[in-house]
Amino acid sequence: MYGIRHLHLRNPGSWSPFEELERLQASLERGGVALGGASAGPAIDVWNEGDGLRLRALVPGVKPEDLEITVEGDALTIRGTTAVAGPQSGDRWLLRERASAKFARTLQLPFAVEADAVKARVANGVLEMELPRSAAEKPRRIPIQTT
Amino acid sequence: MNCEMKNGCATVAEPTVAKATPACDVWEGEDGVHVVAEMPGVDAAAVEITIERDVLSIRGKACLPRASSRAEGEMDAVATGYVRAFHLTDTADAGAIQASCKDGLVRLLVPRKQPAQRKIAVSTG
């Protein structure tokens with residue numbers, strides 16, 4: 001027999017029998033959007049930073065040209081295609097966990113962002129974005145008139 | 001060829017770093033066995049591949065941007081490291097493994113050992 005067999009390495013003290021169910025529930029609550037066979041999309045972190053938001057999404061193997069990001073007000077949509085290079089003709093699958101699929105995910109942001117000032121870059125399979133708050137939504141000081 | 005899953009076989013315990021099990025594709029070709037592991041946030045310098053007896057381990061430490069305070073926000077990308085291990089069979093050439101890392105994917109080629117050829121002298125008489 002030639003080849004390799006894979007092991008699951010797991011910290012024995014950290015496993016919960018409900019772990020998988022909780023992960024599935026979290027995935028559903030995440031608000032993934034399935035479009036025409038698309039999967040729910042990448043794992044995403046979003047947090048407040050300064051005057052706007054920072055985002056990172058895990059997109060291993062996705063090339064920048066295969067990503068499409070759109071912003072409309074407070075709705076951010078990330079679409080992409082995971083191209084999985086697999087076996088050539090005559091080769092044989094031994095384990096297949098990665099999926100070659102289109103994905104789309106829409107996030108409702110806590111405020112509208114300045115679409116023209118949004119920055120995005122991909123490095124080592126991680127999409128990083130800076131989403132500055134729209135000027136129209138920034139807190140304004142109201143001058144008080146004296147009579 | 002066998003690709004056998006061994007659930008619960010915990011041989012590596014590193015409780016100080018949160019580790020995720022990366023999704024992997026494995027296939028057998030003419031040149032050997034190919035492995036592709038998803039390790040987003042990991043660059044080539046942060047990948048460690050080790051062989052101990054017949055266990056090939058792939059570890060990666062992710063370098064991900066994070067906020068100084070992340071109390072507010074939606075968070076579901078939590079992995080800071082990855083680890084995955086495979087059993088090598090006797091016919092795998094562990095000394096000739098090739099590895100690369102690009103776009104958050106670690107790729108390995110485990111070549112097949114060339115069969116050792118020995119000429120047997122035939123004596124007469």
Side-chain angles (χ1 to χ4, degrees), chain A residues 1-15 23 26-27 29-31 42-50 53-64 82 84-88 90-100 107-110 122-128, chain B residues 1-15 19 21 23-30 33-36 38-43 55-57 62-68 70 72-79 83-92 101 103-105 110 112:
Chain A
M1 184 173 62
Y2 166 66
I4 57 180
R5 294 173 296 154
H6 85 275
L7 290 171
H8 270 287
L9 300 180
R10 187 176 273 160
N11 184 344
S14 68
W15 186 77
R23 191 175 302 148
S27 171
E29 288 173 353
R30 199 182 288 158
I44 294 177
D45 278 358
V46 183
W47 64 91
N48 285 314
E49 191 167 288
L53 297 168
R54 283 285 298 273
L55 175 147
R56 79 172 179 215
L58 304 184
V59 289
V62 180
K63 294 173 182 161
T82 307
V84 176
Q88 306 292 316
D91 294 353
R92 194 158 63 98
W93 280 110
L94 301 177
L95 176 68
R96 192 171 191 179
E97 296 175 340
R98 304 179 61 233
S100 180
L107 297 179
Q108 197 77 32
L109 303 174
V122 178
N124 296 325
V126 179
L127 167 68
E128 295 177 43
Chain B
M1 180 73 57
N2 187 14
C3 185
E4 185 180 319
M5 201 181 271
K6 297 214 167 185
N7 289 317
C9 183
T11 57
V12 175
E14 293 176 322
K19 292 274 172 71
T21 302
C24 288
D25 281 350
V26 183
W27 69 91
E28 181 186 13
E30 278 187 12
V33 170
H34 297 256
V35 179
V36 178
E38 290 188 346
M39 295 191 176
V42 174
D43 65 16
V55 176
L56 167 73
S57 299
C63 180
L64 299 172
R66 54 176 68 223
S68 52
R70 303 181 54 192
E72 296 176 78
E74 178 180 334
M75 289 177 281
D76 54 17
V78 295
V83 61
R84 192 83 190 248
F86 298 88
H87 273 302
L88 293 174
T89 60
D90 293 341
T91 50
C101 178
D103 297 333
L105 297 179
V110 183
R112 185 182 287 110

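Just so it is clear, the model here is predicted, and its values are computed rather than measured. Within every chain, numbering begins at 1; the chains are lettered A, B, ... in the order of the sequence lines, protein sequences first and strands thereafter. What you see below is based on every heavy atom in this structure, not just the backbone, and it leaves out hydrogens, waters and symmetry mates.
Residue A/Leu94 forms a side chain to side chain contact (heavy atoms under 4.5 Å, CB included) with just one option from B/Val33, B/Asp25, B/Val35, and that option is B/Val33.
Listed for the B/Glu28 side chain is no donor-acceptor partner under 3.5 Å among the backbone atoms of A/Arg92.
When all heavy atoms are compared, the tightest approach of A/Leu95 to B/Phe86 is CD2-CE2, 4.3 Å. The two residues A/Leu58 and B/Pro40 come nearest to each other via the heavy atoms CB-CG, 3.9 Å.
Every side-chain contact (heavy atoms from CB on, under 4.5 Å) that B/Asp43 has, sequence neighbours left out, goes to A/Asn124, B/Ala45, B/Ala46. Scanning for side-chain contact (heavy atoms from CB on, under 4.5 Å) contacts around A/Pro110 gives A/Leu53, with sequence neighbours left out.
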